[in-house]
Amino acid sequence: LMQAIRHSTGNIVIAGLNGQFLISGDGGQSFESWKVPVQGASALIECPDGSITAVGMNGAYRLHLPPQTTRTQPE
């Protein structure tokens, strides 16, 4: 595992160079495997539109959070 970010929705995304992506919708209490069409990532960046750019050896990919994990952050 190489990179982790907390998305503005409160979700936590972790990525590894081996293609493993994990996502948490409960503040990191639990994680689920997230299947994405990326072979691996060494950097994750949240974009202004809410998508995530994953950067790895094979280039950059735009990812969208799965709807079941998206939640609104408490105010």
Side-chain angles (χ1 to χ4, degrees):
L1 300 175
M2 291 293 297
Q3 178 73 30
I5 63 167
R6 180 180 294 270
H7 192 270
S8 60
T9 59
N11 292 293
I12 299 170
V13 178
I14 301 174
L17 289 176
N18 66 351
Q20 184 177 19
F21 281 75
L22 303 171
I23 188 165
S24 173
D26 59 8
Q29 296 294 315
S30 63
F31 285 87
E32 296 179 18
S33 180
W34 182 23
K35 303 293 183 209
V36 297
V38 179
Q39 293 182 358
S42 59
L44 298 172
I45 304 162
E46 183 177 354
C47 300
D49 68 357
S51 64
I52 296 173
T53 298
V55 181
M57 291 180 58
N58 294 323
Y61 298 87
R62 178 78 45 106
L63 306 173
H64 297 278
L65 292 177
Q68 67 272 20
T69 60
T70 303
R71 64 176 182 78
T72 305
Q73 227 177 349
E75 296 183 26

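Fair warning: this is a prediction, and the values are worked out from it, not measured in the lab.
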Quick one: are Phe31 and Ile12 in side-chain contact, heavy atoms under 4.5 Å?
-> yes
Answer yes or no: is there a side-chain heavy-atom contact under 4.5 Å between Ser42 and Leu17?
-> yes
To the closest 0.5 Å, what do you measure between [atom1] ([X]) and [atom2] ([Y])?
X	Y	atom1	atom2	value
Ile23	Glu32	CD1	CD	8.0 Å
Gln3	Phe21	CD	CZ	10.5 Å
Gln20	Leu1	CD	CG	5.5 Å
Met2	Leu44	CE	CG	10.5 Å
Ile52	His7	CD1	NE2	5.0 Å
Trp34	Leu22	CH2	CG	10.5 Å

Determine whether Tyr61 and Leu65 fall in the same hydrophobic cluster, where Ile, Leu, Val, Met, Phe, Trp and Tyr are linked whenever their side-chain heavy atoms lie under 4.5 Å apart.
-> yes
Joint cluster assignment, Ile14 & Val38, ILVMFWY side-chain distance < 4.5 Å = no
Would you check if the side chain of Ser51 reaches a backbone N or O of His64 as a donor-acceptor pair within less than 3.5 Å?
-> no
Worked check of side-chain contact (heavy atoms from CB on, under 4.5 Å) between Gln29 and Ser24 = CA-CA 7 Å; Gln29 296 294 315; Ser24 173; 5.8 Å; no
Non-hydrogen atoms of Ala54 and Leu63 that approach each other most closely | CB-CD1, 3.9 Å
Smallest heavy-atom separation, Asn11 atom then Gly25 atom, equals OD1-CA, 3.2 Å
Would you check if there is a donor-acceptor pair between the side chains of Ser8 and Glu46 at a distance under 3.5 Å?
-> yes
